[in-house]
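First the structure, in the form of structure tokens, and then the observations on it.
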Amino acid sequence: MMKYIFGLLVIAGLTVLGWLYNLYEEIKHDVDLVVNYSPKQSTQFFDKDGNLLANTFKDENREYVKYDDIPARIIEGLVAIEDTQFFEHYGINPDAISRAMIKNIKAGGYVEGASTLTQQLIKLLVLSREKKLMRKVKEALLAIRLETVLTKEEILERYLNHVYFGHGYYGIKTAAKGYFNKDLYELSLKEMAILVGLPRAPSFYDPTKNLKISLARANQVITRLNTLGWINKEQYEESMKETPVIYNQTLTKNKAPYAVDYAISLLINDIPDILYGGYKIYLTIDLSAQEIARDALKASYDEAIKRDLDFRKNSKNPNDDTYVKELNGAMISLESGTGRILAFVGGVDYNQSVFNRAYQSKRQAGSAIKPFLYQTALNEGYNPASQLFDISRTYNYTVGGVQKKWQPKNYGGNFEGVVSLRDSLVASRNLSTLNLVTDVGVPVVTEALKKYGFNDIVDNLSITLGSMSVSLVEFSEAYSAFANNGTQVKPYIIEQIVNKDGKTVTFEPQTKEINTPAQNYLMTSILTDVVNKGTGKSAQVAGIELAGKTGTTNNNVDAWFCGYSPSIQTIVWFGNDNNTPMRKTETGGKIAGPAFSYFFKKYLEIHPEIPRNFVKPDNVYSTTINGKEEFYTDISPVPEIDSLIQQQPLNPNEEVLEF
């Protein structure tokens, strides 16, 4: 009988061993998920000075940390409270299993587990939810297997980076920054104890919700460390008394959302995992300048809303709220010499609208296009003192076989008859501009506009009034030719990308020479007058020379100010999102110019070292014409004013037959 029983036991034992072997063979490669651990990691965006702008992630907010960068006290605390014999066992702890079985039998149910940290890691990364016995068997087998492949340090590194610490924080480095606003090496012993106590029940022990319970759990960790002799009495007593400051934050707050969104849009096609691949993206953004630009845009917006409310008080239709609902703006500021974007604001309030008007929207350029037309004329031999006819002309054109007439006007309806090229641009006169483009030739002007990078240009006189649509990014690139002494720079916002393995990609400025510095200076001198005594007076800032051009489209649909200092360029736009007209009061000088001025005034306060004055190139000469200083170059010589005026009659009814 005993032999029979023994035989049955042997058979049963062999059967179990066979089953375990087959089960092991079936699942042993599951540890590859742990060995080749590649978790989703938060991508971080920084400004040019290394200030954190934003964390982006998908599903799990995790900042990875290598084992060597984890303080030893954290390792000791974790091992003390979760798996004291971690560095002695081989994946499972037979003593702990025996103790747990006895307690569970006595209790008549499951009251204590015996999972090692290795088993816990297996459960987190490999095993699905299933019956406890089968899962525990698999845990044990895979834990033994894993310890033959990875070192203890590698197991702990994976565990501390993968485990959930509550409050949306994955990994201990993220939790330290979230709960305590500290890096790991800055943590106190009590703070470390709070963290290592969290994985057992992260929601229950969350210190932002249950601080007393969390502190009690931390005290258990500290007591255990003291019992094991891993800390001394003084450390124990000091830590038990401490109550750390707890921060209730998400770590996802974006300090420059429009700028970060733009950077992501540039990278997402080439780097699909940009949001969760653990990249460090260093932007050209200056966080201080970004905040100033945001405030500048909001200040001009608020003033416009106030004007709108004043208008309603005297309006027959005070309930008309289209203007208030739809008004918005955008601003881009960059280093003129490099194209590095310092500030990128795509709307007045990101919380109200994430639509990024700085690059996702194209609006008509209006009068802001005029410097490009006038620069073309200068390059064709005109001079700032050249005389232009500021008279009305009627233009015939055909649409769908129907002949129509167009008779453009100056803002305000008046005309001067004869005006200098300089004064024409300073006052943004439409009629003299039309006559200038007509004389220079539409084909010549359109080709020049293409050279600056403008697209969708119609080959007719409507280009004179800025009929083409352009984004702020495109306008910033075009205007950089003026701001950078004739050499165009491509605006860029990404300085450097570092992947999770430390490989780095760095971006460099891209430039293209458009005009000579001498010819460009003629335009800068005119645009400086625009700010000092023309349509851009609202953009003035004491103590620095500024050049720029206002732009207002038909019916006040779009309002621009495009300008620059000797080193910084800033483009500002305002308009209604639905392309309806703003109030007649809202011109480029009225709503956009003040935002430009606000930006430079505040920027100058934090960067008083920036250049204050434009420098005249050696090959730009000056003379006196009608008692005023004027500049000229070899390409744009001093004009013979009297002979030019006599060449053409002043006929306000002249018709151009083709348009």
Side-chain angles (χ1 to χ4, degrees), residues 46-51 53 255-260 262 282-303 329-348 350 357-358 368 472-473 475-477 479-480 482-485 489 491-493 495 509 524 527-528 530-532 536-550 560-574 588-589 591-615:
F46 301 90
D47 81 343
K48 71 181 189 67
D49 295 319
N51 298 307
L53 295 176
K255 296 179 181 178
Y258 286 114
V260 170
Y262 177 55
Y282 294 89
L283 302 185
T284 61
I285 290 295
D286 178 334
L287 183 56
S288 297
Q290 178 75 12
E291 292 171 349
I292 291 171
R294 181 196 62 207
D295 293 345
L297 209 63
K298 184 63 164 59
S300 274
Y301 171 85
D302 288 343
E303 285 298 314
M331 179 186 292
I332 297 177
S333 189
L334 54 81
E335 289 180 353
S336 304
T338 63
R340 292 186 180 94
I341 296 174
L342 301 175
F344 192 99
V345 184
V348 172
Y350 189 84
R357 296 153 191 84
L472 264 75
V473 172
F475 229 0
S476 294
E477 181 171 356
Y479 258 92
S480 70
F482 300 133
N484 191 35
N485 301 315
V489 295
Y492 70 102
I493 199 169
E495 192 82 72
T524 292
L527 296 181
T528 302
V530 171
V531 175
N532 291 338
K537 289 180 181 178
S538 62
Q540 294 176 2
V541 174
I544 188 169
E545 282 190 318
L546 298 170
K549 180 67 183 75
T550 56
W560 299 85
F561 193 88
C562 308
Y564 51 96
S565 74
S567 62
I568 306 294
Q569 173 187 292
T570 300
I571 306 291
V572 183
W573 166 86
F574 276 95
I591 188 172
F596 178 93
S597 175
Y598 184 108
F599 176 83
F600 273 94
K601 181 179 179 181
K602 295 296 184 181
Y603 189 82
L604 202 59
E605 291 176 2
I606 62 173
H607 290 289
E609 76 284 358
I610 65 172
R612 305 293 187 97
N613 300 102
F614 295 109
V615 178

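For reference, positions follow the sequence shown, starting with 1.
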Practice item. List the atom of Leu297, the atom of Gly347, and the distance in Å for their closest heavy-atom pair. Key: CD2-O, 3.8 Å
Check your understanding: Among all residues two or more places apart in sequence or in another chain, which pass the side chain to side chain donor-acceptor pair (under 3.5 Å) test with Asn484?
Key -> none
Study note, to complete from the structure: Sorted by chain and residue number, the side chain to side chain donor-acceptor pair (under 3.5 Å) partners of Tyr350 (sequence neighbours excluded) come out as Asp261
Exercise for review: Measure the spacing between CG of Leu527 and SG of Cys562 and express it to the nearest 0.5 Å.
Suggested key: 10.0 Å
Exercise for review: Write down the atom of Ser476, the atom of Leu334, and the distance for their closest heavy-atom approach.
Suggested key: CB-CD2, 4.0 Å
Review point. By side chain to side chain contact (heavy atoms under 4.5 Å, CB included), which residues pair with Asp49, not counting sequence neighbours?
Key: Asp47, Asn51
Point to revise | Closest non-hydrogen atom pair, Val345 against Ala293 | key: CG2-CB, 3.8 Å
Practice item. Could you tell me which residues satisfy side chain to side chain donor-acceptor pair (under 3.5 Å) with Ser333, sequence neighbours excluded, listed by chain and number? Key: Thr570
Which side-chain N or O atoms in residues 593-605 pair as donor and acceptor under 3.5 Å with protein atoms at least two apart or in another chain?
unit_1 : atom_1 : unit_2 : atom_2 : d
Ser597 : OG     : Gln540 : O      : 2.9

Practice item. Could you grab the distance from atom CD of Glu335 to atom CD1 of Ile610, nearest 0.5 Å is fine? Key: 10.5 Å
**Study point:** Phe475 ring center within less than 6.0 Å of Trp560 ring center
**Key:** yes
Check your understanding: Of Ile568, Thr284, Ile285, which is the lone residue that meets side chain to side chain contact (heavy atoms under 4.5 Å, CB included) with Leu342?
Key -> Ile568
Check your understanding: Residues two or more places apart in sequence or in another chain: which of them pass side chain to side chain donor-acceptor pair (under 3.5 Å) with Tyr564?
Key -> Thr524
Exercise for review: Answer yes when Glu495 and Arg340 have at least one side-chain N-carboxylate O distance shorter than 4.0 Å, and no when they do not.
Suggested key: yes
Check your understanding: So which heavy atom on Ile606 is nearest to which on Glu609, and how close?
Key -> O-OE1, 4.4 Å
Check your understanding: How long is the gap from CZ on Arg294 to OH on Tyr258, to the nearest 0.5 Å?
Key -> 11.5 Å
**Study point:** Lys298: salt bridge (Lys or Arg N to Asp or Glu O under 4.0 Å) partners, not counting sequence neighbours
**Key:** Asp302
Practice item. With sequence neighbours excluded, tell me which residues meet salt bridge (Lys or Arg N to Asp or Glu O under 4.0 Å) with Arg357. Key: Asp577
Review point. Taking all atoms of both residues into account, what is the closest heavy-atom pair of Ser565 and Leu546, and its distance?
Key: CB-CD2, 3.7 Å
Exercise for review: With sequence neighbours left out, write down each residue that passes side chain to side chain contact (heavy atoms under 4.5 Å, CB included) with Ala592, or none if nothing qualifies.
Suggested key: Phe561, Val572, Phe574
**Study point:** Stepwise side chain to side chain contact (heavy atoms under 4.5 Å, CB included) check, Tyr262 with Val473
**Key:** CA-CA 10 Å; Tyr262 177 55; Val473 172; 3.7 Å; yes
Check your understanding: Distance-only, no hydrogens or angles: does the Arg612 side chain make a donor-acceptor pair with backbone N or O of Gly543 under 3.5 Å?
Key -> yes
Study note, to complete from the structure: Sorted by chain and residue number, the side chain to side chain contact (heavy atoms under 4.5 Å, CB included) partners of Glu477 (sequence neighbours excluded) come out as Gln488, Lys490, Pro491
Review point. Taking Ser300 for the side chain and Ile591 for the main chain, is one N or O donor matched with an acceptor at less than 3.5 Å?
Key: yes
Check your understanding: Can you name the closest pair of heavy atoms from Ala539 and Val531 and give their distance?
Key -> C-CG1, 4.2 Å
